[in-house]
Participant: 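A single structure is presented below for examination.
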2 protein chains.
Amino acid sequence: MPRPSPAATAKPAGGPAALPAPPAFRPLYLQIKDLLVRSLDAREWHPGEAIPSEPVLAARFGVSQGTVRKAIDALAADNLVVRRQGKGTFVATHTEEAHSTFRFLHIRRDDGVDEYPASRIVDVKRGKSGDEVARLLGLAPGDAVVVVRRLLDWDGAAAVLDEITLPAALFRGLTRAKLAAYEGSMYGFFETAFGVRMIAAHERLKAVAAPAEAAALLGVAPGTPLLEVDRVAFTYGGRPVEFRRGLCSTTRHHYFNALG
Amino acid sequence: MPRPSPAATAKPAGGPAALPAPPAFRPLYLQIKDLLVRSLDAREWHPGEAIPSEPVLAARFGVSQGTVRKAIDALAADNLVVRRQGKGTFVATHTEEAHSTFRFLHIRRDDGVDEYPASRIVDVKRGKSGDEVARLLGLAPGDAVVVVRRLLDWDGAAAVLDEITLPAALFRGLTRAKLAAYEGSMYGFFETAFGVRMIAAHERLKAVAAPAEAAALLGVAPGTPLLEVDRVAFTYGGRPVEFRRGLCSTTRHHYFNALG
DNA sequence: CAGTGGTCTAGACCACATC
DNA sequence: ATGTGGTCTAGACCACTGG
């Protein structure tokens with residue numbers, strides 16, 4: 001069966017058209033990967049669920065199991081799915097995965113204890129997006145947003161103050177009560193409550209002097225140098241869906257990054 | 001040829017010894033990868049040189065080309081080698097690779113211009129390692145070290161002051177003159193002048209108040225919040241060979257990090 | 001043109017999980 | 001015992017580079 005498949009027909013194909021430079025060639029396994037991403041984006045399988053087995057997907061797409069394997073390998077490299085030998089391949093989720101809990105949390109204790117911080121909601125407000133946030137989130141200036149402020153406590157002491165700005169259209173019905181009631185990470189909450197899955201982010205760090213209110217909440221003197229962490233987080237397709245500004249006291253904590 | 005190879009004989013093997021838990025199984029391609037890393041560590045091929053082709057390596061190790069391919073894929077994922085279709089597979093180097101120039105430089109201009117900074121040597125001193133640096137570099141306290149201080153200038157203005165501590169045993173003959181004369185990144189210099197190749201690093205970031213001398217060198221007021229970036233860099237096998245403390249002015253620059 | 005890495009296939013077998 | 005992902009092989013063919 002030399003692949004008379006629908007996916008395969010979308011291959012190089014193009015006759016002697018006068019297209020000069022662009023790739024004009026996308027490997028089959030990457031086409032399969034794109035199709036799987038679309039299925040993930042369309043919520044065909046839920047987080048934590050197993051996707052169909054490799055032989056099943058191979059039949060579905062009319063390619064060999066080896067090609068499906070390469071596609072899934074690429075998905076796993078992007079942390080969109082998790083492979084588990086003998087069990088299956090599962091849609092990545094923020095509600096489990098104890099091992100990758102720190103994928104989006106780079107603040108660590110100086111003493112090396114790998115303790116996960118507790119979240120304490122300060123307030124939840126609705127408002128209109130400013131120009132800068134609108135630009136970062138791909139909104140129109142003035143679009144409705146929800147702004148959450150929360151503290152992260154390690155061992156009972158606050159070290160991070162986060163201000164999280166979300167497009168109101170995607171997070172309808174977000175209330176302080178629901179947020180406070182949820183056990184687990186905020187991205188786990190977004191995933192289960194709103195079907196919004198964060199899969200990547202960009203962070204920009206600066207050092208700033210603590211403003212009065214933040215200083216009070218973090219228990220430091222105003223003007224103390226703090227780490228400012230600005231994050232834009234993305235779902236499938238690189239669509240930005242969260243802007244977050246964190247202020248971190250670095251007296252007993254630090255931001256960790258592994259360069260490979 | 002069902003692999004009567006030396007590499008293969010090192011496989012599960014173990015008779016009914018009473019070893020209980022550990023993996024006791026390492027895939028062939030990872031064994032091949034380990035052998036290739038050892039060859040890289042032993043300087044069998046120089047940075048920028050091509051390693052033998054896949055068929056040649058397959059013959060050398062007595063495995064199929066597909067297995068060698070998986071081993072090389074793993075090396076490429078670790079950024080130890082670079083694949084170039086039609087040309088070969090090359091030992092990674094810091095002296096070229098314009099595209100990965102920013103793998104170890106996460107400081108960017110706020111305005112988004114991707115300009116590579118110029119390095120200006122402040123001083124080079126010899127001394128003895130303190131306890132903390134000795135611990136981080138796996139030295140004995142008091143072992144000889146070389147300490148380089150340098151400024152990074154973007155567009156003529158200094159934004160980073162680095163203090164770089166190196167084990168003197170690995171960097172014999174390092175002088176200010178040679179450092180200043182080298183065109184290119186410092187890791188490129190270490191690679192060509194001392195055969196020391198940096199392949200990974202850990203960074204810890206804090207916010208601190210600018211000390212007087214650093215403030216003067218960076219052109220900011222003493223006490224200004226600065227980003228402090230502590231880095232331990234590693235060669236093959238995870239051996240630490242550099243400790244670096246950077247102080248970064250974040251008025252027109254920031255530390256960028258992509259979370260995947 | 002020959003040589004390199006890149007893709008795709010097909011099948012055998014291994015390791016792990018579950019029943 | 002069955003089904004899952006993981007490894008290994010062998011061979012065909014494609015895309016790119018350079019003589």
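Reminder, nothing fancy here: chain letters follow the sequence lines and each chain counts from 1. All values below come from the heavy atoms of this structure, side chains included, with hydrogens, waters and symmetry mates left out. Keep in mind it's a predicted model, so treat the numbers as computed, not measured.
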Participant: With 3.5 Å as the limit, what N/O pairs link the protein to nucleotides 4-6 of chain C?
Facilitator:
residue, atom, partner, partner atom, Å
C/dT4, O2, B/Gly86, N, 3.3
C/dG5, OP2, B/Glu54, N, 3.0
C/dG6, OP2, B/Arg69, NH1, 3.3
C/dG6, OP2, B/Arg83, NE, 3.3
C/dG6, OP2, B/Arg83, NH1, 2.7
C/dG6, N7, B/Arg69, NH2, 3.2

Participant: With sequence neighbours excluded, what pairs up with B/Arg197 under the salt bridge (charged side-chain N to carboxylate O under 4.0 Å, His left out) test?
Facilitator: none
Participant: Filter on salt bridge (charged side-chain N to carboxylate O under 4.0 Å, His left out), then keep only pairs touching residues 30-41 of chain A, sequence neighbours left out; what's left?
Facilitator: A/Arg26-A/Asp34, A/Lys33-A/Asp78, A/Asp41-A/Arg43, A/Asp41-A/Arg239
Participant: For A/Arg26 and C/dC8, what is the distance between atoms CZ and P respectively, to the nearest whole Å?
Facilitator: 11 Å
Participant: Starting from C1' on D/dT7, measure out to CD1 on B/Ile32 and report it in whole angstrom.
Facilitator: 13 Å
Participant: Over how many whole Å does the gap from B/Phe25 atom CZ to C/dC13 atom C1' extend?
Facilitator: 11 Å
Participant: Under the rule for side chain to side chain contact (heavy atoms under 4.5 Å, CB included), what residues qualify as partners of B/Gln85, not counting sequence neighbours?
Facilitator: none
Participant: Once side chain to side chain donor-acceptor pair (under 3.5 Å) is applied, do any residues pair with A/Arg150, and if so which ones, sequence neighbours excluded?
Facilitator: A/Ser119, A/Asp162
Participant: Just jot down the side chain to side chain donor-acceptor pair (under 3.5 Å) partners of A/Thr192, sequence neighbours excluded, or say none.
Facilitator: none
